[in-house]
Amino acid sequence: MNIYLGIDIGTSGTKTIAMAEDGTILAESSASYPALHPKPLWSEQDPEHWWKATVKTVRNVVKAAKAKPADVKAIGLSGQMHGSVFLDKDDQVIRPALLWNDQRTAAECVEIESRAGGRKNLIKMVANPALTGFTAPKILWLRNHEPKNFDRLAKVLLPKDDVRRRLTGEYATEVSDASGMLLLDVAKRNWSTQLLSKLELDPSLLGTVYESEDVTGTLTKEAAKQLGLTTDCVVVGGAGDCAANALGNGVVKKGILASSLGTSGVMFVHSDEMAADPEGRLHTFCHAVRGKWHMMGVTLCAAGTLEWFVQKLCREMRGPRGKIDPYATLMKEAESVPCGSEGLMVLPYLAGERTPHADPDARGCFIGITLKHERAHVTRAIMEGVTYSLRESLEVLDQMNIPVRQVRAGGGGAKSPLWRQMQANVFGKKVVTLNAEQGPAYGVALLAATGAGAYKNIQEACAATIREVSETKPDRAAKKYYDKAFPVYQDLYRALKDDFKRLGRLDD
Ligand SMILES: Nc1ncnc2c1ncn2[C@@H]1O[C@H](COP(=O)(O)OP(=O)(O)O)[C@@H](O)[C@H]1O
Ligand SMILES: O=C(CO)[C@@H](O)[C@H](O)COP(=O)(O)O
């Protein structure tokens, strides 16, 4: 039997699946780990956790699938994007990795735009503006703030690519994740030597760039032993988690949008040509489909806002050992509240905001609270605020004349039928769910199967395996209500934008 593994190195944990050639999921396993927040708005992780979680979950799925080591033909890697693993010449990790939601690099973003000769020039070189979450500002932060660590720096790898290094011994990446480093010439699908030179960064810091389906190496003896696999097993390029999730949702052609409600929220569309927004409001990256691109909007704290509410303010709902899942209760309560949460509105900027505002100073807000409001209203208002923030990306796509016929919903938040209906109502589009719920891990398992020769290309792999299983249409009255409420949401951010900065400076 031929088996393919998909490994997704997420922020809250690693999810691994074992997939048969026809796309059937044979087993899945996950292992969680913490993120460190040594200062407000800093976010770090120890790469060792990713490796340990990879070994554990791979061994689990191979055992559960009753596979022989030689059955596992290929591995696809996916992971949280933009994180910086800093390695010295002996492959030792120099300091904890800075993650995608770390906001410490505002000054380095200004430095990058200035060295590039302005924002427009930067967008010409790498298709995107400098944003705090991206990798290049993190490298400059190391140079500016920890010069001794920077002097030791020999390689910078993305989270999943550091796992690849430990699997194959290769320093390699692939186009979709590399796009989020802000060092890739996205049009040419290779490193931007022009920008690297302006930033005075040595190109040897970076790994070799592959297309996502390409084989980047085979397991080393040591890795094969640790995972219980053979050295014949190949590792394909894989994809950043957003592109991987899009593949897992069959977004390999125009007109379909993948919306993901995970810790972060993502609105993702495929594009046959490279089309960058001149204002840089959305990201323009290479897609994990050979020779194609994608655009996406990212809201930093999507289902993460709901998670914050549950963890910090509803802790007792988790039960004495933290074992009870509170979501069923919260969703039921939220369903009893009318559209608009009786005038309570939430700006879900608990971790600053990425697209379209690119504002690390933005903060979360609950606006319009009255004595009438209860927990149910707060839950619903959080869900509505997050959905409005996703609609902002949809509006930019609309302004760029990028058509969206159908929305494919995924991520933990899409488990809720209420949140899927809310998406249909707020977006005014049909929302569907698919047979495979494992988004990113499934997407890269399909890439692994393609790289190993089971499919001609990823489009064929998606067509053979992905089916719609549910459909939610917009409710006319609710859509009308949300069309009226959405401009209020937009105006609130504009009105508060400068005050967020003042708030942030109060304790300086
Ligand atoms: N039944 C549910 N209804 C609504 N939201 C849910 C439900 N289950 C999980 N979630 C939300 O989904 C989030 C996890 O989604 P996931 O896609 O696994 O995130 P990530 O991969 O980014 O860690 C949780 O933080 C939680 O807020
Ligand atoms: O920053 C981005 C994409 O640009 C995020 O989507 C990260 O890639 C985080 O992934 P999760 O672990 O939350 O799924």
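Start at 1 and go down the list; that is how both ligands and their atoms are numbered. The structure presented is a predicted model; accordingly, all values stated were derived computationally and were not measured.
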Electrostatic pair Asp177:Lys160 at N-O distance under 4.0 angstrom: yes
N or O contact, Gln80 vs ligand 2, cut-off under 3.5 Å: no
Enumerated ligand 2 atoms positioned under 4.0 Å from heavy atoms of Cys242: 3 (C), 6 (O)
The one among Gly439, Ser264, Gly297 that brings a heavy atom closest to atom 6 (O) of ligand 2: Ser264
Under 3.5 Å: donor-acceptor pair, side chain of Asn128, backbone of Val126: yes
Val298: numbered ligand 2 atoms lying under 4.0 Å from its heavy atoms: 4 (O)
Identity and distance of the protein heavy atom lying nearest atom 25 (O) of ligand 1: Glu307 OE1, 3.1 Å
Residue pair Gly291 / Trp293: nearest heavy atoms and the distance that separates them: O-CZ3, 3.2 Å
Residue and atom name of the nearest protein heavy atom (relative to atom 14 (O) of ligand 2), distance in Å to one decimal: Asp241 OD2, 3.0 Å
Student check: side-chain heavy atoms of Ser389 and Tyr489 closer than 4.5 Å: yes
Protein residue, atom and distance nearest to atom 20 (P) of ligand 1, heavy-atom basis: Thr263 OG1, 3.5 Å
Glu471: which of Arg408, Lys430, Lys429, Arg420 passes salt bridge (charged side-chain N to carboxylate O under 4.0 Å, His left out): Lys430
Lys56, NZ: over 12 other non-hydrogen atoms inside 6.0 angstrom: no
Residues Glu44 and Arg95 bridged, charged N to O under 4.0 Å: yes
Met81: numbered ligand 2 atoms lying under 4.0 Å from its heavy atoms: 3 (C), 7 (C), 8 (O)
For Thr11, the ligand 2 atoms whose distance to one of its heavy atoms is below 4.0 Å: 9 (C), 10 (O), 11 (P), 12 (O), 13 (O)
His82 N/O to ligand 2 N/O under 3.5 Å: yes
Test item: side-chain donor near acceptor, Ser341 and Glu384, under 3.5 Å: yes
Gly10 neighbourhood, listing ligand 2 atoms whose heavy-atom distance to it stays under 4.0 Å: 12 (O)
Ligand 2 atoms in contact with Arg354 (distance to a heavy atom under 4.0 Å): 1 (O), 2 (C), 4 (O)
Nearest neighbour in protein (non-hydrogen) for atom 1 (N) of ligand 1: Tyr327 CB, 3.6 Å
Heavy atom of the protein closest to atom 9 (C) of ligand 2 (residue, atom name, distance): Trp100 CE2, 3.2 Å
Protein heavy-atom partner closest to atom 14 (C) of ligand 1 - residue, atom, separation in Å: Gly412 CA, 4.1 Å
Heavy-atom nearest neighbour in the protein, as seen from atom 23 (O) of ligand 1, with distance rounded to 0.1 Å: Ser12 OG, 2.7 Å
For Gly411, the ligand 1 atoms whose distance to one of its heavy atoms is below 4.0 Å: 17 (O)
Whether Arg380 side chain and Val337 backbone form a donor-acceptor pair below 3.5 Å: yes
Atom 13 (C) of ligand 1: nearest protein contact (heavy atom, Å): Ala303 CB, 3.7 Å
Closest approach of any protein heavy atom to atom 18 (O) of ligand 1, naming residue and atom: Lys15 NZ, 3.2 Å
Quiz item: cation-pi between Arg391 and Phe486, 6.0 Å / 45°: yes
Nearest neighbour in protein (non-hydrogen) for atom 3 (N) of ligand 1: Ser416 CB, 3.5 Å
Evaluation steps, salt bridge (charged side-chain N to carboxylate O under 4.0 Å, His left out), between Glu174 and Arg164: CA-CA 11 Å; Glu174 48 64 49; Arg164 179 195 321 281; 5.4 Å; no
Distance-only donor-acceptor check, side chains Thr379 and Glu333, under 3.5 Å: no
Test item, Gly304 contacting ligand 1 (heavy atom, 4.0 angstrom): no
Tyr482 side-chain N/O to Phe427 backbone N/O, donor-acceptor pair under 3.5 Å: no
